[in-house]
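We count ligands from 1, going down the list as the structure has it; atoms in each ligand are counted the same way. No hydrogens, no waters, no symmetry mates; every other heavy atom, side chains included, goes into these values.
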Amino acid sequence: MAYQDLEVTIADYIATITMNRPKAMNALNSNVLTELDTAINKLGADDQVRVIIITGGGKAFVAGADIKEMNELNLIDFRSFIARGQKAMYAIDLCEKPVIAAVNGFALGGGCELALACDFRLASEKAKFGFPEVNLGLFPGFGGTQRAPRFIGRGMASELTFTGAMIDAAEALRIGLVNHVYPADDLMEEAMKIAKTIASKAPIAVARSKTAIKMAGDTTLEAGLAFEREAMALVFPTKDRAEGMDAFINKRKAEFKGE
Ligand code: CAA
């Protein structure tokens with residue numbers, strides 16, 4: 001499928017979504033949000049995809065929700081716009097395949113929220129993060145007030161949200177917002193390496209582990225453990241589980257088929 005504001009490629013079980021409105025710093029307008037939601041859902045259902053990487057074309061990852069579009073909206077349309085943004089971000093949570101943010105540049109406002117909606121984040125040394133919404137009389141509305149405290153703690157999420165401060169990649173690494181920082185030219189290669197490793201593992205086990213890990217942020221330990229037990233019970237009868245154990249016992253490399 002052709003998209004207007006995204007580029008989507010698939011190779012070796014890895015899909016790459018490149019946010020592609022470089023002249024607007026990849027700002028999230030209604031069309032991008034709809035396309036992102038569609039792309040995530042399609043890739044999530046595609047057997048040829050085991051991992052998804054999201055990155056930005058040009059200088060920015062995503063510089064936030066589209067301020068020019070928002071400024072023209074009435075209240076009803078603004079509510080719909082925010083709901084559309086939340087839905088696109090939540091599609092990443094619901095997607096059973098790992099989604100990695102490869103943050104190449106500015107990840108501000110809705111862009112930082114997009115990165116936070118991914119399973120984990122890798123950054124270029126040029127990446128910059130922040131929630132500048134308070135400068136506009138807004139605050140993070142694409143899930144930032146809910147995901148940031150879960151991932152970087154309430155204190156750090158509050159400071160970033162209340163001050164609108166922009167932080168660099170080294171600080172993002174220090175506070176646990178990103179897992180790794182790479183020289184700009186190496187970012188995609190390093191993201192691909194991690195994606196390839198994930199793609200070589202048993203896909204159903206990876207998918208179930210994603211849903212179980214998500215539960216950790218959403219529920220009690222007791223309910224999470226119950227979910228984990230059931231998820232494990234679903235994985236046990238798969239062909240890939242038999243293949244993985246047989247390969248270990250017979251000292252050979254496992255070949256996983258996602259079955
Ligand atoms: N929305 C719409 N357009 C944007 C944009 C955004 N979020 N961010 C950048 N642009 C546009 C600029 O208006 C400019 O367009 P023109 O060439 O037509 O003037 C173009 O992208 C290039 O931007 P700059 O000239 O500003 O580039 P820069 O290198 O000087 O600065 C920047 C880059 C620091 C990212 C700066 O553009 C900026 O501060 N952008 C806004 C960041 C922001 O406030 N994000 C939060 C948005 S609100 C939000 O996200 C709400 C929510 O939670 C749902």
Side-chain angles (χ1 to χ4, degrees), residues 3-7 17-37 39-40 54-93 99 101-118 121 123-152 154 156-172 177-178 184 187:
Y3 297 93
Q4 187 185 312
D5 294 324
L6 303 179
E7 241 176 61
I17 299 177
T18 305
M19 310 302 289
N20 193 25
R21 292 185 76 209
K23 284 189 185 145
M25 297 273 161
N26 301 324
L28 301 169
N29 64 8
S30 295
N31 186 61
V32 184
L33 291 169
T34 303
E35 289 192 353
L36 185 61
D37 194 1
I40 293 288
I54 301 181
T55 193
K59 189 167 151 187
F61 175 69
V62 167
D66 192 307
I67 299 167
K68 292 168 188 166
E69 179 174 337
M70 283 190 293
N71 194 42
E72 300 300 318
L73 300 176
N74 62 33
L75 177 56
I76 291 175
D77 291 340
F78 179 72
R79 286 178 77 111
S80 304
F81 179 78
I82 295 300
R84 192 190 293 251
Q86 287 193 350
K87 182 169 174 290
M89 306 296 145
Y90 200 59
I92 298 172
D93 280 293
V99 183
V103 182
N104 52 300
F106 294 109
L108 302 177
C112 194
E113 293 173 292
L114 172 60
L116 281 165
C118 295
R121 289 144 291 283
S124 139
E125 281 169 351
K126 291 187 176 162
K128 299 254 191 282
F129 299 83
F131 291 121
E133 286 92 337
V134 285
N135 298 319
L136 303 165
L138 293 175
F139 65 88
F142 287 171
T145 67
Q146 302 308 300
R147 290 192 182 90
R150 281 169 163 85
F151 301 153
I152 57 174
R154 180 171 160 182
M156 198 50 83
S158 299
E159 184 180 331
L160 288 178
T161 304
F162 302 162
T163 63
M166 216 192 287
I167 60 170
D168 63 14
E171 178 67 355
L177 178 54
V178 303
L187 174 67

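Taking every non-hydrogen atom of P140 and a distance limit under 4.0 Å, the qualifying atoms of ligand 1 come out as 53 (O). Atoms of ligand 1 lying under 4.0 Å from any heavy atom of M25, numbered from 1 in the order shown and given with element: 9 (C), 21 (O), 22 (C), 23 (O), 27 (O), 29 (O). Near K59, with a cut-off below 4.0 Å to any heavy atom, the atoms of ligand 1 are 29 (O). Below 4.0 Å from some heavy atom of K68 lie the following atoms of ligand 1, by number and element: 12 (C), 13 (O), 15 (O), 16 (P), 18 (O). Near M70, meaning under 4.0 Å from any of its heavy atoms, are these atoms of ligand 1: 48 (S).
For atom 47 (C) of ligand 1, the closest non-hydrogen atom on the protein side is A65 O, 3.6 Å. Looking only at heavy atoms of the protein, atom 52 (C) of ligand 1 is closest to E133 OE2, 3.5 Å. The nearest heavy-atom contact from the protein to atom 33 (C) of ligand 1 is F106 CE1, 3.7 Å.
Across all non-hydrogen atoms, the minimal contact from M19 to I54 is SD-CG2, 4.0 Å. The nearest pair of heavy atoms linking F81 to S30 is CD1-OG, 3.6 Å. Here the closest non-hydrogen pair linking N104 and K126 is O-CB, 4.0 Å. Between A123 and V178 the shortest heavy-atom distance is CB-CG1, 4.0 Å. Across all their heavy atoms, V32 and L28 have their closest contact at CG1-CD2, 3.9 Å. Of all heavy-atom pairs spanning S124 and A169, the tightest one is O-CB, 3.4 Å.
Residue A24 places a heavy atom less than 4.0 Å from ligand 1. Close to ligand 1: K23, with a non-hydrogen atom less than 4.0 angstrom away. In this structure, G141 is part of the shell of residues with a heavy atom less than 4.0 angstrom from ligand 1.
Taking only nitrogen or oxygen atoms, main chain and side chain alike, I67 reaches within less than 3.5 Å of ligand 1. Polar contact with ligand 1: absent for L108 (N/O pair, distance under 3.5 Å).
The number of heavy-atom neighbours closer than 6.0 Å to CZ of R79, taken from other residues, nucleotides and ligands shown, is 12 or below.
With a heavy-atom cut-off of 4.0 Å, P132 touches ligand 1 through its side chain alone. Residue contacts with ligand 1 for L136 involve side-chain atoms from C-beta outward but no N, CA, C or O (heavy atoms, distance under 4.0 Å). With a 4.0 Å cut-off on non-hydrogen atoms, A63 touches ligand 1 through its backbone as well as its side chain.
Put simply, the side chain of K128 does not reach to within 4.5 Å of the side chain of V103, judged on heavy atoms. Contact check for D66 versus R21: side-chain heavy atoms found under the 4.5 Å cut-off. Inter-residue side-chain proximity for L136 and I67 is flagged as met; some heavy-atom pair is nearer than 4.5 Å.
Within a 4.0 Å radius of atom 20 (C) of ligand 1, the protein has at least one heavy atom. There is no protein heavy atom closer than 4.0 angstrom to atom 26 (O) of ligand 1. At least one protein heavy atom sits closer than 4.0 Å to atom 16 (P) of ligand 1. The presence of a protein heavy atom under 4.0 Å from atom 6 (C) of ligand 1 is confirmed. For atom 10 (N) of ligand 1, a protein heavy-atom neighbour is found at a distance under 4.0 Å. In this structure, atom 30 (O) of ligand 1 has no protein heavy-atom contact shorter than 4.0 Å.
The backbone N or O of Q4 sits less than 3.5 Å from a side-chain atom of E35, completing a donor-acceptor pair.
When each of N31, T18, L36 is tested with D5 by the rule side chain to side chain contact (heavy atoms under 4.5 Å, CB included), just one qualifies, namely N31.
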Would you mind writing out the side-chain donor-acceptor pairs for residues 137-149 within the sub-3.5 Å range, not counting sequence neighbours?
| residue | atom | partner | partner atom | Å |
| --- | --- | --- | --- | --- |
| R147 | NE | D93 | OD2 | 3.2 |
| R147 | NH2 | D93 | OD2 | 2.5 |

